[in-house]
Every structure is written in structure tokens, then in C-alpha cells.
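Presented below is the structure to which this report refers.
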2 protein chains.
Amino acid sequence: MNSATPGRARPQRADAKRNYEALLAAGKSVFAQSGTQAPLEEVARRAGVGQGTLYRQFPTREHLFAAIMSESIDLLDRTARELLTAPDPWDALVQWLRLYDESAARYRGMTRVVAEGIADDSSPVAVACTPMRASFGDLFDRARAAGLVRPDLTALQLFTMISALPKDPERGTTVPPYLDVVLKGIKP
Amino acid sequence: MNSATPGRARPQRADAKRNYEALLAAGKSVFAQSGTQAPLEEVARRAGVGQGTLYRQFPTREHLFAAIMSESIDLLDRTARELLTAPDPWDALVQWLRLYDESAARYRGMTRVVAEGIADDSSPVAVACTPMRASFGDLFDRARAAGLVRPDLTALQLFTMISALPKDPERGTTVPPYLDVVLKGIKP
DNA sequence: ACCTGAACACCGTTCAAGT
DNA sequence: ACCTGAACACCGTTCAAGT
């Protein structure tokens with residue numbers, strides 16, 4: 001469970017909770033199928049709820065994104081903390097970035113949303129990413145402290161840069177040389 | 001003059017030509033002020049023409065982009081051909097990429113449009129970029145042939161990658177380390 | 001307290017009527 | 001041949017009425 005997901009802590013009526021789950025499932029399905037620009041109307045329709053219910057549960061499209069991503073974010077967060085004890089700081093960093101790239105491939109356009117929202121601390125995506133950003137920051141700092149990364153680059157900058165790389169329209173991941181170029185380029 | 005700009009070759013009625021220029025100026029003004037997502041309605045309003053006239057002259061938003069960019073593209077095209085005779089192939093390549101980054105800063109969101117349209121040969125942006133892409137390709141190939149660039153990277157890939165880099169919201173150019181990271185990363 | 005769905009707003013696009 | 005601007009379409013967002 002990602003504690004940063006908004007509104008999940010306080011009790012809800014049973015039907016509200018059911019609708020929340022239905023909207024989440026519909027959102028995943030619609031975004032996976034039609035990309036992150038798909039009409040929200042379709043999400044409500046597929047969830048079998050009124051449009052107002054969608055807006056009550058997820059005030060903006062970004063709130064829905066954040067909720068959908070939270071499972072992947074939890075996994076990335078846990079993985080970053082595990083990799084913190086891996087013997088080679090550089091390999092650990094690279095391994096995490098490749099996992100991030102693959103995780104983001106599930107929903108077309110998702111990393112673009114992340115790249116755009118991450119700099120604004122008030123955005124739901126940035127809030128949802130907070131724990132993962134912290135653990136990735138640790139992973140990044142370990143590599144940088146070991147002199148394996150150029151000192152003028154921040155963890156947030158690298159994360160933003162990877163998120164913004166163009167995607168292969170078929171596989172959804174970054175085109176191979178792009179990631180390699182960045183990984184080579186961040187060395188000191 | 002960029003011969004790839006659509007519809008500029010055949011004769012037009014005087015008022016049509018006036019409207020074309022007015023729409024181009026209004027587009028520059030609106031996009032510079034409000035970014036590339038601004039309502040097209042505002043472009044027509046500021047040009048003092050009906051909406052239908054805008055759609056007649058520029059069937060899609062991308063067509064208007066392409067026309068607006070064509071002056072910058074011509075400059076970039078000429079510069080690439082000039083730099084082809086510069087003594088150092090690597091410096092010439094870097095110099096051109098920095099010029100591209102600065103040129104793109106004038107209209108917020110413009111390089112994103114380029115990054116998205118460039119892969120589709122039928123897009124107006126791709127058509128407008130054709131001569132520039134060819135001359136940049138020569139500049140790139142010269143550096144690669146000299147063994148200064150990794151051999152598995154294409155000119156189009158590098159161009160796309162640079163275009164997609166996140167921008168500083170204030171200056172409009174890429175955040176400094178991003179460009180440096182890519183330039184270091186493309187070395188063999 | 002939450003849900004529904006009609007109504008509204010916004011803006012891209014089309015097209016009948018006009019010059 | 002081109003222009004105008006009202007009309008239409010699409011979709012995000014709000015809100016009055018219902019449970």
C-alpha cells in the first residue's frame with residue numbers, strides 16, 4: 001500500500017469503495033488500451049458509474065494516473081531499497097533505471113505524465129512518487145558518492161531525463177540507444 | 001524560403017495572401033505568449049479572420065507549427081551546411097545542436113511537437129524539416145565517420161532525443177546538464 | 001454521504017451563405 | 001475563389017435531484 005495515495009485512509013461507504021476499485025480497474029484498462037489521452041468519459045462508462053463519481057474520486061486525470069501507478073511505484077520503491085545493499089553501486093543504479101523503464105511501458109504516455117508532473121510538488125503524481133523518489137535518491141547518491149556519476153547532476157534531474165526519453169511505439173520502452181546514451185553520459 | 005512549406009508556390013488572391021501572413025504573425029505571437037497548446041480560436045481572432053480561414057490555410061495545428069518554424073529551419077539548414085566545412089567535425093556538431101536548442105526556445109513546447117512529428121514522414125513538421133534533416137544528417141555522418149560518435153546511433157535518433165529533452169520553463173532551452181549528458185553519451 | 005446523468009463550458013472542425 | 005461566423009462535435013467539469 002502506498003500511503004501517499006490520497007483519500008484512501010479514512011473510511012468510505014461500501015459503494016464508494018466499490019466504485020473506487022471499479023474506476024481504478026477501468027482506468028488501467030482504458031489507459032493500457034488507448035493511452036493516457038483517452039477520454040475520461042470512457043473510464044466512467046467502463047466502470048459503470050456516472051461521470052460525477054469519477055470526478056469525486058479523482059478530481060483530475062493526474063489523480064487517476066497517480067492511483068494507477070501506485071502499485072508500480074511501491075515495487076520500484078522496494079526494489080530501490082533492496083538494491084541499496086547490492087555490491088556494485090553503478091550496476092544497482094542501472095538495474096533500477098531499466099526496471100523503471102520497463103514498468104513505465106505498461107501504460108502508453110505514462111512517463112511523459114511523470115516527467116511533466118514530477119517537478120511540481122503539489123501534483124498528485126509527485127506526491128505518489130515521493131517515497132520512491134527518496135529511495136531512488138539514496139541509490140543515486142550512493143553511486144555519486146562513489147565517484148561513478150558526474151557531481152553536477154541530481155537524482156531528480158536524472159529521473160526526469162529518463163522519463164522524458166522517446167518511447168518505442170510498439171514496445172513502450174525507450175529505444176535501446178537512448179538509455180545507453182544517457183547511462184554513458186552521466187558518468188563523471 | 002523553404003520550398004517544403006505547403007501551398008506557398010501557387011498564386012493566391014491578394015486577400016488570401018494577406019490572411020496567410022496575418023495568421024502566421026498571430027500564430028507566432030500566440031504561441032510565443034501562451035505556448036503551443038493555446039486555442040486556435042485565439043489565433044484567428046488576433047489575425048482578424050474567421051475560423052474557417054485559419055482551417056483553409058492551415059488544416060491542422062501542426063501545419064501552422066510547420067509554417068512558423070520554417071524560418072528557423074532555414075537558418076538551421078544553412079548553418080548545418082556551413083559547419084560542414086568547419087575544421088573540427090565534433091565541435092561543428094555540438095555547435096549546431098546548441099543552436100537548435102536555442103532556436104527552439106522561442107516557442108514553448110515546439111521541440112516536443114518536433115519530437116512527436118518527426119518520425120512520421122507524412123506529418124507537416126517532418127516535411128518542413130526535410131532539408132534541415134538532410135544537412136544535419138551530413139554533419140552528423142561526418143562526425144560519425146571520423147569515429148567521434150557511437151556507430152549504432154542515427155542522426156534522426158540524436159535529433160529526436162535532443163528534441164525530447166525537458167526544458168527549463170523560464171529560459172525555454174534544455175536544462176544545462178541534460179545537453180551535456182547527451183553529448184558525452186553519444187561518444188563511441 | 002454518495003450517486004446519477006443532464007447541463008454547461010470550451011474549443012476544434014465543418015459548412016451554408018455571402019462577396 | 002475565398003471569406004465569414006454560426007452550427008456541430010467532442011469531452012472535461014459542475015450541480016440539482018435522487019437514494
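Just so it is clear: chains get the letters A, B, ... in the order the sequence lines come, proteins before strands, and each one is counted from 1. Being a predicted model, the structure only gives us computed values, none of them experimental.
The side chain of B/R56 sits closest to D/dC3 out of D/dT13, C/dG12, D/dC3. Side-chain proximity of A/A16 to the nucleotides C/dC2, C/dG12, D/dT13 is greatest for C/dC2. Nearest to the side-chain atoms of B/D15 among the listed nucleotides D/dG12, C/dT13, D/dC3 stands D/dC3. Across D/dC3, C/dC3, C/dG12, the shortest atom-to-atom separation from the side chain of B/Y55 is found for C/dG12.
In this structure, the CD atom of A/E41 is 12 Å from the C1' atom of C/dA6, given to the nearest Å. Going from atom CD of A/Q37 over to atom P of D/dC10 covers 18 Å, rounded to whole Å. Taking atom CZ on B/R18 and atom P on D/dC3, their separation rounds to 10 Å, with Å as the unit. Atom CD of B/E42 and atom P of C/dT13 are 17 Å apart (whole Å). The interatomic distance linking B/L40 (CG) with C/dG12 (P) rounds to 5 Å, in whole Å. Per the geometry, CG belonging to B/L23 stands 13 Å off C1' belonging to D/dC2, to the nearest Å.
Under the 4.0 Å criterion applied to side-chain N and carboxylate O atoms, B/E42 and B/R46 are assigned as salt-bridge partners. The pair A/K28-A/E71 counts as a salt bridge, with a side-chain nitrogen and a carboxylate oxygen less than 4.0 angstrom apart.
A tilted orientation is assigned to the rings of A/F136 and A/F140, their planes being inclined by 30° to 60°.
Base pairing analysis places D/dG18 opposite C/dC2; the two distances defining the Watson-Crick or G-U wobble pair are each below 3.5 Å. Shown here, C/dC10 forms no base pair; nothing in the strands shown gives a Watson-Crick or G-U wobble contact with both key distances under 3.5 Å.
Aromatic rings of A/F65 and A/Y107 (six-membered ring for Trp) have centroids beyond the 6.0 Å cut-off, not under it.
For the OP1/OP2 pair of D/dC2 and a distance below 4.0 Å, the side-chain nitrogens and oxygens of B/N19 include no atom meeting the criterion.
Comparing A/G52 and A/A38 along DNA chain D, the residue whose closest nucleotide (by nearest heavy atom) sits nearer the 5' end is A/A38. Residue-to-nucleotide proximity on DNA chain D shows that, of B/T53 and A/Q51, the 5′-proximal contact is made by B/T53.
Taking each heavy atom of B/I73 and B/C129 in turn, the nearest pair found is CD1-SG, 3.9 Å.
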